[in-house]
Amino acid sequence: MTKINLVLCDDNTADLDVLRESVNEYINLRGLCGETVCFSSPEEVLRFSESNDESNVTVYLLDVIMSEFDGIELGQRIRERDKSSAVIYISNSREYSLDAFSVRAFSYLIKPFSREKLFSELDECLSRIEPAPQTLSIKTTDGTVLLELSKIIAVEYLNHRLIFHLVNGQKIESAYRRQPFDVQAEELMQTGAFLKVSASYLVYSRNIQGVKADEFVMRDGSQYKITRKYAAARQRYIDGEMLSHKM
């Protein structure tokens, strides 16, 4: 699966904490396979950049005015080895906005900005980066199958196997593993894109077409009951949809 790194750098600890909280919320609401990486020093960012796996999608959110050296120089030094990652600048002043062009920055945010503005910028930024499709490696009795997450409607747990119900109506059955559902589905849940709706079913949230009082209606027309124990899944989905539409 393609991992998204959101790298934050601000030498003001209070501002960094606020930004971290907002970005973590963004990752959770968008169901990203992502990680927030925070630094208070430009040198730490450079060390991270040097060791970062180029297969990851990386967005740097950099404060402009810092004590060691400014965010513009930091962006230039990142660009020396990393041409593809995105840079978003954050500043109290517009003074350096023209300098940001030398780094090919995606955008320049002026403090204070709203959570909605930040989320909107991140949405637009990530939409312009073309990551490889998120995939899952499934061990079956006939071998290993590589499956794109976007093709999954739901995952069923039956007789110690995972049964993947796909958009095209097909099913893929994993090999027998004597482990509970939560253990076998751990990798899926870590993506943040699946909702557990009952003791035996997960649904892929991005293939939900509608929601009723106690069930999800999927893209293929199938319906999955939300049992009482997992009623919070419905609200999680609604909250995420409301926020994205607000933007």
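When reading the values below, keep in mind they use all heavy atoms of this one structure, side chains included, and skip hydrogens, waters and symmetry mates.
Checked against the 6.0 Å centroid threshold, Y201 and Y224 count as a close aromatic pair. Checked against the 6.0 Å centroid threshold, F216 and Y237 count as a close aromatic pair.
No side-chain donor-acceptor contact under 3.5 Å links D11 to the backbone of S41. Panel note: side chain R228, backbone A231; no donor-acceptor pair is recorded below 3.5 Å. A distance-only check finds no donor-acceptor pair linking the side chain of R161 to the backbone of E173 [under 3.5 Å]. Remark: the backbone N or O of D82 is not paired with any side-chain donor or acceptor of S85 at under 3.5 angstrom. With hydrogens and angles disregarded, a donor-acceptor distance shorter than 3.5 Å links the side chain of Q184 to the backbone of Q179.
Side-chain contact check for I65 versus Y96: some heavy-atom pair is nearer than 4.5 Å. Residues F119 and E121 have side chains not in contact (no heavy-atom distance under 4.5 Å, counting atoms from C-beta outward). Within the 4.5 Å cutoff, side-chain heavy atoms of I172 are placed close to those of L147. Side-chain contact between E186 and L188 is absent, with no heavy atoms from C-beta onward closer than 4.5 Å. Contact check for D70 versus E73: side-chain heavy atoms found under the 4.5 Å cut-off. L195 is listed as a side-chain neighbour of I208, based on a closest heavy-atom distance under 4.5 Å. Looking at L109 and I88, their side chains come closer than 4.5 Å, going by heavy atoms from C-beta outward. Put simply, the side chain of V23 reaches to within 4.5 Å of the side chain of L118, judged on heavy atoms.
Of all heavy-atom pairs between L202 and A185, the closest is CD1-CB, 3.8 Å. I138 and S174 get closest at one heavy-atom pair: CG2-CB, 4.0 Å. Nearest heavy atoms, Y204 versus S150: CE2-CA, 3.7 Å. Of all the heavy atoms in C9 and M66, the pair that sits closest is SG-SD, 3.6 Å. Contact record, I153 with M218: O-CE, 3.4 Å, taken as the closest heavy-atom pair. Between A175 and T141, the closest heavy-atom pair is CB-N, 4.2 Å.
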Next item on the list: Go through the steps to decide whether Y89 and S107 satisfy the test side chain to side chain contact (heavy atoms under 4.5 Å, CB included), and finish with yes or no.
Entry: CA-CA 6 Å; Y89 280 116; S107 62; over 6 Å; no
Notebook entry, point to check: Hey, mind stepping through S40 and D10 against side chain to side chain donor-acceptor pair (under 3.5 Å) and telling me if it holds?
Noted result: CA-CA 5 Å; S40 57; D10 193 326; over 6 Å; no
Margin query: Test side chain to side chain contact (heavy atoms under 4.5 Å, CB included) on H160 and R177; report intermediate values, then the result.
Written below: CA-CA 6 Å; H160 295 285; R177 291 169 58 193; 5.8 Å; no
Next item on the list: List the steps and the verdict of side chain to side chain donor-acceptor pair (under 3.5 Å) for N52 and S49.
Entry: CA-CA 5 Å; N52 187 32; S49 176; over 6 Å; no
Note to self: side chain to side chain donor-acceptor pair (under 3.5 Å) for D123 and Y26? Distances and angles first, verdict last.
What the structure shows: CA-CA 9 Å; D123 281 343; Y26 175 82; 2.6 Å; yes
Next item on the list: Give the intermediate values and the outcome of side chain to side chain contact (heavy atoms under 4.5 Å, CB included) for residues E50 and R81.
Entry: CA-CA 8 Å; E50 290 168 0; R81 65 164 305 278; 4.0 Å; yes
Item checked: CA sep, side-chain torsions, deciding dist, call: Q76, S102, side chain to side chain donor-acceptor pair (under 3.5 Å) -> CA-CA 7 Å; Q76 291 168 342; S102 67; 3.2 Å; yes
Checklist line | Audit row: I110, N92, side chain to side chain contact (heavy atoms under 4.5 Å, CB included) steps and yes/no | finding: CA-CA 6 Å; I110 302 297; N92 290 310; over 6 Å; no
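Ring geometry for Y157 against F181 counts as parallel: the plane angle stays under 30°, on a 0 to 90° scale with 60° as the upper cut.
Cation-pi check for R77 over F69 is met; the charged atom lies under 6.0 angstrom from the ring centroid and within 45 degrees of its normal.
The one candidate from V197, I152, V155 that meets the side-chain contact (heavy atoms from CB on, under 4.5 Å) condition with V203 is V197. Each of L16, V7, L62 was scored for a side-chain contact (heavy atoms from CB on, under 4.5 Å) with F39, with one residue passing: V7.
A single hydrophobic cluster is seen to contain both M189 and F164, as judged by linkage of ILVMFWY side chains at heavy-atom distances under 4.5 Å, directly or through other members. A single hydrophobic cluster is not seen to contain both I72 and F106; linkage of ILVMFWY side chains at heavy-atom distances under 4.5 Å, directly or through other members, places them apart. Neither I163 nor L136 shares a network with the other; the hydrophobic side chains, linked directly or stepwise wherever heavy atoms of I, L, V, M, F, W or Y lie under 4.5 Å apart, form separate groups for each.
Atom CG of L8 sits about 5.5 Å away from atom CG of L61, to the nearest 0.5 Å. A distance of 8.0 Å separates CZ in R236 from OG in S205, rounded to the nearest 0.5 Å. With rounding to the nearest 0.5 Å, the separation of CZ in R115 from OG in S22 is 7.5 Å. Annotation: the span from I90 atom CD1 to Y108 atom OH amounts to 10.5 Å, rounded to 0.5 Å. Interatomic distance, N207 CG to R219 CZ, rounded to the nearest 0.5 Å: 4.5 Å. Interatomic distance, E124 CD to S127 OG, rounded to the nearest 0.5 Å: 4.0 Å.
For residues 192-216, the pairs satisfying salt bridge (Lys or Arg N to Asp or Glu O under 4.0 Å) are D182-K196, K212-E215, D214-K225, with sequence neighbours left out.
Residue E68 places its CD atom among more than 12 non-hydrogen atoms of other residues, nucleotides or ligands, all under 6.0 Å distant. Counting non-hydrogen atoms of neighbouring residues, nucleotides and ligands closer than 6.0 angstrom, the NZ atom of K151 reaches no more than 12 such neighbours.
Looking at E148 and T135, their side chains never bring a donor and an acceptor atom within 3.5 Å of each other. With 3.5 Å as the limit, one finds a donor-acceptor pair spanning the side chains of S222 and D220.
A salt bridge does not link R20 with D15: none of the charged nitrogens is closer than 4.0 Å to a carboxylate oxygen. The pair E156-K171 does not count as a salt bridge, with every side-chain nitrogen at least 4.0 angstrom from each carboxylate oxygen.
Here V183 sits alone; no ILVMFWY side chain lies under 4.5 Å from its own, so it joins no hydrophobic cluster.
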